[in-house]
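Worksheet: the structure to be examined is printed underneath.
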Amino acid sequence: MEGLLAFITAVCGRIQVVSDLFWNFPTNFEAYANIPILGNFSLAIILLIGSGIYFSVRLRFIQIRKFKHGIEVLKKSKAKTGISPLASFFLSTAMRVGPGNILGVTGAVSVGGPGALLWMWISAFFGMATAFVESTLSQIFKEKKDDEYIGGMAFYGRRLLGNSAIVGVILSLMYIIYAILCFPAQGFNTVSAMGQIAGIISGHELPTTHAVYWIGFVIVIIATCAVSFGGTRKISKVTDVLVPVMAIVYVLTVIVLIIINFSRIPWFFYAVFTEAFKPEAVFGGAFGIALMQGVKRGLMSNEAGQGTITMPAAASDAAHPCDQGCVQAIGVFLDTIVICTLTGFVVIMGRVWLTDDGAAWFELGKLPKFLASAAELTPGTGFNNAVTLLISLCFGLFAFTCLLGFMSFSEICANRISRSRLFINIIRFIDIAVICFGMLTSIVGLDLGALWDLSDFANILIAYCNIPLLYIGFNYVKKAEEQFEANDGSSFNSKTVGLDLPVWDEKSNSK
């Protein structure tokens with residue numbers, strides 16, 4: 001077993017080298033790194049934040065102007081075809097709000113200091129515009145299949161690149177690879193949370209080889225398969241219930257901690273803003289490190305620009321493509337500005353990172369390392385067990401809903417490649433096998449850090465595929481946005497953008 005763990009760690013280490021190359025290029029070249037100011041910005045940061053700034057300016061900061069409209073769209077709960085905008089929002093949130101909202105923020109602060117949180121906020125603000133663009137594109141080029149809408153990066157990528165079938169296949173395959181690389185960490189997190197909950201209830205820490213972990217292993221696999229193979233509508237019925245529960249419980253739990261520690265709030269903001277530009281040496285002592293960690297973990301959390309949220313965005317029965325763009329912009333706000341900020345408060349104000357062993361404590365690993373900070377905010381109170389139980393429950397739900405989303409949309413992409421039942425079953429088998437692998441690594445005691453390298457690589461790889469498509473298709477988004485802003489009562493259809501859009505022509509003719 002030790003040999004297997006060593007092999008897995010070695011493979012993940014090799015992937016981390018490639019991932020770091022993608023994330024850090026060209027700052028890993030001395031000549032570039034020595035350029036004042038610019039030398040702190042890698043191509044990934046320029047591409048992600050730069051694109052958000054560009055889209056924000058071109059759309060006149062639509063993420064602010066139409067924020068209220070996005071909320072109004074969410075109030076519409078009915079759909080003739082596919083799922084409602086609200087159901088689509090919950091489905092995308094199920095994938096967006098994941099363990100990264102806890103472990104990702106913890107990791108960002110551990111390496112980049114409290115200032116990394118500020119860069120997460122900045123990347124999220126401009127990322128809202130990027131999310132608007134990719135979600136609007138997914139709506140413009142969505143297709144109708146039976147009584148559902150399907151679409152996303154693979155669909156608009158094909159239309160934007162000469163309607164080439166091979167492009168659709170390659171982009172679909174890219175998403176499947178992305179999901180496969182992310183599955184291990186989510187499987188690990190799901191079963192770890194179940195073991196943590198059992199430990200809290202029993203009153204003592206359980207070894208990872210305990211029967212509870214194996215029972216959790218079986219339950220997760222059965223539940224994931226039962227829900228995922230039912231299609232988008234079945235998954236949305238589950239996420240309609242789980243997402244509000246996990247979000248509300250987590251937010252309320254942390255808000256209570258903030259109220260209890262109200263006097264620490266000024267120091268929290270002081271630490272975030274001062275450390276954003278001058279991080280202490282314990283965190284690496286470099287502005288670029290805080291910046292990189294904020295953007296990297298922000299992307300892992302809110303997924304703006306990755307194209308991964310475009311499939312649930314396309315499934316919505318929106319009245320106009322831009323409606324869903326506004327909704328997904330709100331999703332980025334909820335994920336990072338709200339939930340990640342709350343997590344950041346617990347991590348930073350717990351102040352465990354100020355102790356001598358803070359660096360070791362903050363290594364990316366199992367959930368108890370985050371719970372230790374929450375415990376510091378409720379010292380000597382009976383409330384501590386309740387807090388750790390609720391956070392563990394939310395953490396497990398975060399991971400489980402991510403699994404549902406990944407599996408469902410992997411299957412949609414697989415159908416885009418081939419309708420062969422054999423091929424679909426092979427993809428299903430691979431997905432389940434990789435999820436099992438992730439859960440087994442938790443049971444045998446492997447640290448999450450190695451699996452996190454896989455997710456880092458997957459995130460930047462798919463972002464590099466998606467961002468160029470957003471520039472290619474931005475002209476169509478701009479035309480849709482101009483008609484949307486005019487609000488002259490005309491219907492969105494093929495004439496609006498000058499392309500054949502059967503779904504929107506059908507909707508326009510049915511009015």
Side-chain angles (χ1 to χ4, degrees), residues 55-56 58-63 65-76 78-89 91-92 127-145 148-160 163 232 304-305 307-332 466 469-511:
F55 294 138
S56 295
R58 289 294 308 276
L59 296 170
R60 295 174 294 121
F61 291 90
I62 197 166
Q63 66 266 50
R65 295 187 298 106
K66 293 297 180 180
F67 190 90
K68 182 179 179 181
H69 175 77
I71 294 176
E72 292 297 324
V73 173
L74 288 175
K75 296 178 181 179
K76 302 173 183 178
K78 295 182 179 180
K80 294 181 180 179
T81 305
I83 59 179
S84 70
L86 181 61
S88 174
F89 176 77
L91 183 55
S92 61
M128 291 171 70
T130 305
F132 174 90
V133 172
E134 63 184 356
S135 299
T136 300
L137 265 182
S138 70
Q139 274 286 319
I140 291 174
F141 295 108
K142 69 183 180 182
E143 299 175 9
K144 189 175 181 180
K145 178 187 176 184
E148 294 184 342
Y149 289 125
I150 56 175
M153 181 179 68
F155 292 76
Y156 61 69
R158 173 175 177 170
R159 291 293 303 273
L160 293 173
N163 204 27
T232 304
T308 51
I309 301 300
T310 56
M311 282 183 280
S316 170
D317 188 10
H320 191 282
C322 291
D323 282 350
Q324 189 58 214
C326 294
V327 165
Q328 293 305 325
I330 292 175
V332 175
N466 184 57
L469 295 175
L470 303 187
Y471 282 99
I472 295 172
F474 184 70
N475 182 49
Y476 302 115
V477 174
K478 187 62 179 173
K479 289 180 179 179
E481 183 262 341
E482 289 172 351
Q483 191 238 16
F484 173 66
E485 298 271 17
N487 195 25
D488 56 8
S490 61
S491 299
F492 180 85
N493 51 38
S494 297
K495 294 180 181 178
T496 307
V497 297
L499 288 174
D500 183 31
L501 304 174
V503 167
W504 290 103
D505 288 340
E506 180 183 340
K507 288 175 70 71
S508 178
N509 294 331
S510 65
K511 290 185 179 180

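In terms of heavy atoms, Gly157 sits closest to Leu469 at CA-CD1, 3.9 Å. In plain terms, the two heavy atoms of Ala319 and Trp504 that are nearest each other are O-CZ3, 3.7 Å. Heavy atoms only, all atoms of each residue included: Ser56 and Gln63 are closest at OG-NE2, 2.9 Å. Listed here is the closest heavy atom pair of Ser88 and Ala313: OG-CA, 3.7 Å. Summarising the geometry of Phe484 relative to Asp323, their closest heavy-atom pair is CE1-OD1, 3.4 Å, with the distance given to 0.1 Å. Across Pro85 and Val73, no two heavy atoms sit closer than the pair CB-CG1, 3.7 Å.
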Ile62 vs Glu485, side-chain contact (heavy atoms from CB on, under 4.5 Å): CA-CA, chis, key distance, verdict: CA-CA 10 Å; Ile62 197 166; Glu485 298 271 17; 4.1 Å; yes

Pair Ser316-Gln324, side chain to side chain donor-acceptor pair (under 3.5 Å): steps then yes or no: CA-CA 7 Å; Ser316 170; Gln324 189 58 214; 3.1 Å; yes

Criterion salt bridge (charged side-chain N to carboxylate O under 4.0 Å, His left out) on Arg60 and Glu481, from CA distance to verdict: CA-CA 11 Å; Arg60 295 174 294 121; Glu481 183 262 341; 3.5 Å; yes

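For the side-chain contact (heavy atoms from CB on, under 4.5 Å) test with Met153, the passing option among Ile309, Thr310, Leu470, Thr308 is Thr310; the others fail.
Formation of a donor-acceptor pair under 3.5 Å by the Ser135 side chain with backbone atoms of Ala131 is found in this model. Arg159 contributes no side-chain N or O that, together with a main-chain N or O of Ile140, makes up a donor-acceptor pair within less than 3.5 Å. No donor-acceptor distance shorter than 3.5 angstrom exists from the side chain of Lys66 to the backbone of Val327, with no hydrogens or angles considered. Using a distance-only test at 3.5 Å, with no hydrogens or angles considered, a donor-acceptor pair links the side chain of Ser494 to the main chain of Leu499.
We find that Glu72 and Lys75 are joined by a salt bridge, their nearest charged nitrogen and carboxylate oxygen being less than 4.0 Å apart.
Listed by chain and number, the residues in a ring-ring contact (aromatic ring centres under 6.0 Å, His included) with Phe55 are Tyr471, Phe474 (sequence neighbours excluded). With sequence neighbours excluded, the residues satisfying salt bridge (charged side-chain N to carboxylate O under 4.0 Å, His left out) with Lys144 are Glu506. Not counting sequence neighbours, the partners of Asn466 by the side chain to side chain donor-acceptor pair (under 3.5 Å) test are Glu134, Tyr156.
Inter-residue side-chain proximity for Phe141 and Leu160 is flagged as met; some heavy-atom pair is nearer than 4.5 Å. Counting only heavy atoms from C-beta outward, the side chains of Phe155 and Met311 never approach each other to under 4.5 Å. Residues Asp505 and Asp500 meet the side-chain proximity criterion, which asks for heavy atoms closer than 4.5 Å. When side chains are defined from C-beta on, Pro312 does not count as touching Gln328, because their heavy atoms never get closer than 4.5 Å. Proximity of Ile150 to Lys142: side-chain heavy atoms (C-beta onward) are nowhere separated by under 4.5 Å.
In this structure, the separation between CZ on Phe132 and SG on Cys326 is 5.0 Å, given to the nearest 0.5 Å. Rounding to the nearest 0.5 angstrom, the gap separating the OG atom in Ser490 from the NZ atom in Lys495 is 11.0 Å.
Within a 6.0 Å radius of OH in Tyr476, other residues, nucleotides and ligands contribute 12 heavy atoms or fewer.
Side chain to side chain, His320 and Gln139 fail the donor-acceptor criterion of an N or O pair below 3.5 Å.
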